[in-house]
Amino acid sequence: MAQPATAITPTRSENYAEWYQQVVRAADLAENSPVRGCMVIKPWGYAIWEGVQRVLDGMFKDTGHKNAYFPLFIPVSFLEKEAAHVDGFAKECAVVTHHRLQAGPDGKLVPAGELEEPLVVRPTSETIIGATYAKWVQSYRDLPLLINQWANVVRWEMRTRLFLRTAEFLWQEGHTAHATKEEAVEETMKMLGVYAAFAEGWMAMPVIQGRKTDGERFPGAVDTYCIEAMMQDRKALQAGTSHFLGQNFAKASEIQVLDAAGARQFAWTTSWGVSTRLVGAMIMTHADDDGLVLPPRLAPAHVVIIPVIHKPEDADAITKYTQELARALKQQSFDGRPVQVELDTRDMRGGDKAWNWIKKGVPVRVEVGPRDMAQDSVFMARRDRAHKEKVAVKREAFVAGIAALLQEIQDGLFARAAALAKEHTRRVDSKEEFERFFTAPKVAENEPTPIHGGFALAHFCGDPAVEASVKETLGVTVRCIPFDGDNEPGKCVITGLPSKKRVIWAKSY
RNA sequence: CGGGGCGUAGCUCAGCUUGGCUAGAGCGCCUGCUUGGGGAGCAGGAAGUCGUCGGUUCAAAUCCGGCCGCCCCGACCA
């Protein structure tokens, strides 16, 4: 049967949203579950998440944090303690009201044993961790408390998309308590920096660090900081957040210590998190019309070896040759770990196998047949280049150069993503230009909206009502007030009122 | 929660308007042969209580009603 020109249909330019779903499916990352809004993360997708966990966990430990675990269930009364927090999360909480099932009249199971106080399935853990911290600290000498937990959380979303927004998702949430405001602010910034380093260094995803506007701030936080990345459809994706919570939660949960002078003081707290959404971010940053493209530092497999065996009499020799190749590659190290090798001996046609791994995004693919073996070489293709572009490489040189090659691919992916972001980030100084920038070309009613827009660097007066109205009319919000960039004052692109600094406007996920 | 659409084989769907043989196709799956540096060809095969409950009828995938579920567009969101 004739195959389409690309492994994924539709392509990014034809229908970006549908393309995304097809990539997730083709790479076998995840699928929808019997439970509405929840996903099943399949082994290949989970392996990517494990890579994220491995690296970040190491970074958290290096910055002095310890892991712990807090309950999935949170008493409703805990959530009520912080007013802004309630407003932010109440409408998307799953609530547990019963603790038992019993047979109903028609044989079906019905809830019984109503709880005196309903429990919510954690949408985030500030309140329950705050209540625990209150017991743990008495003296300023007990601070700082630097804890992280890897967990699942539930936010009852109406519309979901695999990895990007699901009712249940996996994440880590760091929760720290400090004796002084300065220390807590420093922690908030430090962890934002960790996220930025991870996003850029491992995911090969350029990010902008900045502060959220009042309208976009985490419910209950004093300040929310974030890393924002541009996806290939030029929409922004918030890839990580770090919150300076001030004393809001300390007051709500009574996290108090005696200071050196013997006076009672509320602690200063922070929280910070990234989620399985990062997998979606990685897809939308690097994947192409043939499927997933993995940055080597997070790829579950770096190299896949596909033996090409046509005649049975070649089988033994090629099997031995590829096994030996796999062993030699595994002895090489990349990024401080052994090179991860997949030897694909499945009983499948060669073409099917090759496309299988292309769609899964493995950085380097080698085919080894009798001809290669005879020349003591391998036939190599890299995922960041066209799939037809294959070259014969001497085996020894290939093995010796694998780490450098993987690093080159890693760097190339970052450069490509950075170039895209740069190309579609522009200064906008008039309302007309602003509207033009964010208005999609007209298409027929059932057609998907063409890719357009990007990041607009424009002045903003800071009025939340203005931001809300822009969101209403154009679907555009302030993604962040970036740390970088010049500080020349100007006039708000919408109202003309004075503005201290340009902010980043964009459509977002 | 508002507006629209859809539930038929593992997947994508046709059939329904105008009720009637044993409910179909493509892909996938299994077997065999032919192929063989790219997602193959031929032949054969397995696989569906037509979402569910009820109604109309001699007869329901098809008509009517309730329920359940899913998708898309809004509102909300990491």
Side-chain angles (χ1 to χ4, degrees), chain A residues 1-9 15 17-18 21-22 25-26 31-37 87-93 106 123-124 153-161 163-173 195 212 215-219 224 226-229 236-243 271-281 290-291 306-312 314 318 347-359 365-373 377-381 387-388 390-392 445-449 468 471-472 475 477 479 508-509:
Chain A
M1 191 184 156
Q3 290 293 328
T6 56
I8 304 295
T9 45
N15 184 344
E18 180 61 19
Q21 309 225 73
Q22 294 305 325
R25 185 211 285 238
E31 62 188 32
N32 284 307
S33 74
V35 184
R36 177 220 292 265
D87 284 350
F89 287 107
K91 57 191 174 299
E92 51 187 31
C93 283
D106 53 359
T124 180
V153 285
V154 168
R155 297 180 188 176
W156 211 261
E157 300 289 348
M158 296 314 287
R159 292 189 61 194
T160 59
R161 294 178 74 188
F163 292 111
L164 296 176
R165 170 159 294 108
T166 46
E168 179 191 16
F169 56 92
L170 307 183
W171 78 346
Q172 58 69 215
E173 47 182 327
Y195 289 153
K212 284 294 190 188
E216 297 276 325
R217 198 191 301 130
F218 176 76
T224 286
C226 61
I227 53 172
E228 297 279 333
L237 184 132
Q238 179 175 310
T241 51
S242 186
H243 314 293
S271 68
W272 26 275
V274 299
S275 72
T276 35
R277 185 179 232 207
L278 289 180
V279 178
D290 284 327
I306 301 174
V308 179
I309 301 170
H310 296 310
K311 297 183 199 142
D314 292 337
I318 291 176
D347 179 20
M348 281 171 65
R349 300 178 57 81
D352 285 337
K353 259 188 214 182
W355 280 103
N356 205 268
W357 293 107
I358 290 171
K359 289 184 281 195
R365 193 170 80 250
V366 294
E367 290 156 25
V368 178
R371 294 209 296 264
D372 311 297
M373 194 170 63
S377 63
V378 300
F379 211 46
M380 181 197 79
H387 64 83
K388 283 183 215 157
K390 299 188 288 190
V391 291
E445 193 153 338
N446 294 326
E447 295 289 307
T449 308
K471 183 178 181 182
E472 180 77 23
T477 51
R479 298 325 302 154
S508 72
Y509 278 95

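Reminder, nothing fancy here: chain letters follow the sequence lines and each chain counts from 1.
Rounded to whole Å, the separation between the P atoms of B/G51 and B/A9 comes to 8 Å. Taking atom P on both B/G4 and B/U49, the two are 33 Å apart, rounded to the nearest angstrom. Distance noted for atom P between B/C29 and B/C67: 41 Å (whole Å). For the P atom pair drawn from B/U52 and B/G69, the interatomic distance equals 15 Å after rounding to whole Å. A gap of 14 Å separates the C1' atoms of B/G28 and B/C13, to the nearest Å. Taking atom C1' on both B/G15 and B/A25, the two are 11 Å apart, rounded to the nearest angstrom. Across the C1' atoms, B/C16 and B/A60 are found 10 Å apart, a figure rounded to whole Å. When the C1' atom is compared between B/A61 and B/C50, the two are found 5 Å apart, to the nearest whole Å.
For B/A47, there is no paired nucleotide, since no Watson-Crick or G-U wobble pair has both relevant distances below 3.5 Å. As the counterpart of B/C16, no nucleotide is assigned, since no Watson-Crick or G-U wobble pattern has both distances under 3.5 Å. Pairing partner, B/G7: B/C68, with both Watson-Crick or wobble hydrogen-bond distances short of 3.5 Å. B/A60 is unpaired under the Watson-Crick or G-U wobble criterion, no partner having all donor-acceptor distances under 3.5 Å. Taking a pair to require two hydrogen-bonding distances under 3.5 Å in either a Watson-Crick or a G-U wobble arrangement, B/G74 pairs with B/C1. The nucleotide B/C42 finds its pairing partner in B/G32, both defining distances of the Watson-Crick or G-U wobble pair being shorter than 3.5 Å.
Nucleic acid contact for A/Thr160: none, since no nucleic acid atom lies under 4.0 Å from a heavy atom of the residue. Note on A/Lys91: only backbone sugar-phosphate atoms sit closer than 4.0 angstrom, heavy atoms only; bases stay farther off. No contact: A/Leu237 has no heavy atom under 4.0 Å from any strand. Residue-level contact check: A/Phe218 touches neither bases nor backbone, having no heavy atom under 4.0 Å from any strand. Base engagement by A/Gly369 is indicated by at least one non-hydrogen atom pair under 4.0 Å involving a base atom. Counting any heavy atom pair closer than 4.0 Å across all strands shown, A/Pro123 reaches no nucleic acid atom.
To the nearest 0.5 Å, atom OG1 of residue A/Thr224 and atom CZ of residue A/Arg217 are 7.0 Å apart. Annotation: the span from A/Asn32 atom CG to A/Arg25 atom CZ amounts to 9.5 Å, rounded to 0.5 Å. Once rounded to the nearest 0.5 Å, the distance linking OG1 of A/Thr276 with CG of A/Leu170 reads 5.0 Å. Rounding to the nearest 0.5 angstrom, the gap separating the CZ atom in A/Arg277 from the CH2 atom in A/Trp171 is 12.0 Å.
Picking from B/A78, B/A40, B/G39 the nucleotide with the shortest atom distance to the side chain of A/Gln238 gives B/A78. Comparing B/G39, B/G37, B/C72 against the side chain of A/Arg371 picks out B/G37 as the nearest. Counting only heavy atoms from C-beta on, A/Glu367 has its side chain closest to B/G37 among B/A40, B/G37, B/A78. Proximity note for A/Pro370 (side chain, C-beta onward) versus B/A78, B/G37, B/C11: the nearest is B/G37. Residue A/Val308 places its side chain closer to B/G37 than to any other of B/G37, B/C72, B/G39. Checked against B/G39, B/G37, B/A78, the side chain of A/Ser275 finds its nearest nucleotide in B/A78. Taking the side chain of A/Glu157 as heavy atoms from C-beta on, and the options B/G37, B/G39, B/C76, the nearest nucleotide is B/C76. Side-chain proximity of A/Ala7 to the nucleotides B/G37, B/G39, B/A78 is greatest for B/G39. Here B/G37 is the nucleotide among B/A78, B/G37, B/G39 with the atom lying nearest to any side-chain atom of A/Phe379.
Protein atom OH of A/Tyr509 is 14 Å distant from nucleotide atom C1' of B/A78, rounded to whole Å. Spacing between atom CH2 of A/Trp156 and atom C1' of B/A78 amounts to 17 Å, rounded to whole angstrom units. Whole-Å rounding puts the A/Asp290 CG to B/G39 C1' distance at 11 Å. For the pair A/Lys311 NZ and B/U35 P, the computed distance is 13 Å after rounding to whole Å. Distance, A/Arg161 CZ to B/C71 C1': 13 Å, rounded to whole Å. Between A/Lys471 atom NZ and B/C76 atom P the separation is 5 Å, expressed in whole Å. Atom NE2 in A/His310 sits roughly 14 Å away from atom P in B/A40 (whole-Å rounding). Atom CG in A/Asn15 sits about 16 Å away from atom P in B/C71, given to the nearest Å.
A/Asp290 places none of its side-chain heavy atoms less than 4.5 Å from the side chain of A/Lys359.
Map A/Arg365 and A/Arg217 each onto its nearest nucleotide of RNA chain B; the residue landing nearer the 5' end is A/Arg365. For the pair A/Pro219 and A/Ala381, both in contact range of RNA chain B, the more 5′-proximal nearest nucleotide belongs to A/Ala381.
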Exercise for the section: Before giving the answer on salt bridge (charged side-chain N to carboxylate O under 4.0 Å, His left out), spell out for A/Glu367 and A/Lys353 the whole-Å C-alpha distance, their side-chain angles and the decisive distance to 0.1 Å. Expected result: CA-CA 10 Å; A/Glu367 290 156 25; A/Lys353 259 188 214 182; over 6 Å; no
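A donor-acceptor contact under 3.5 Å links the side chain of A/Asp372 to the base of B/G37.
Checked against the 6.0 Å centroid threshold, A/Phe89 and A/Phe218 count as a close aromatic pair.
Nearest heavy-atom pair across A/Gly240 and A/Val274 is CA-CG1, 3.8 Å.
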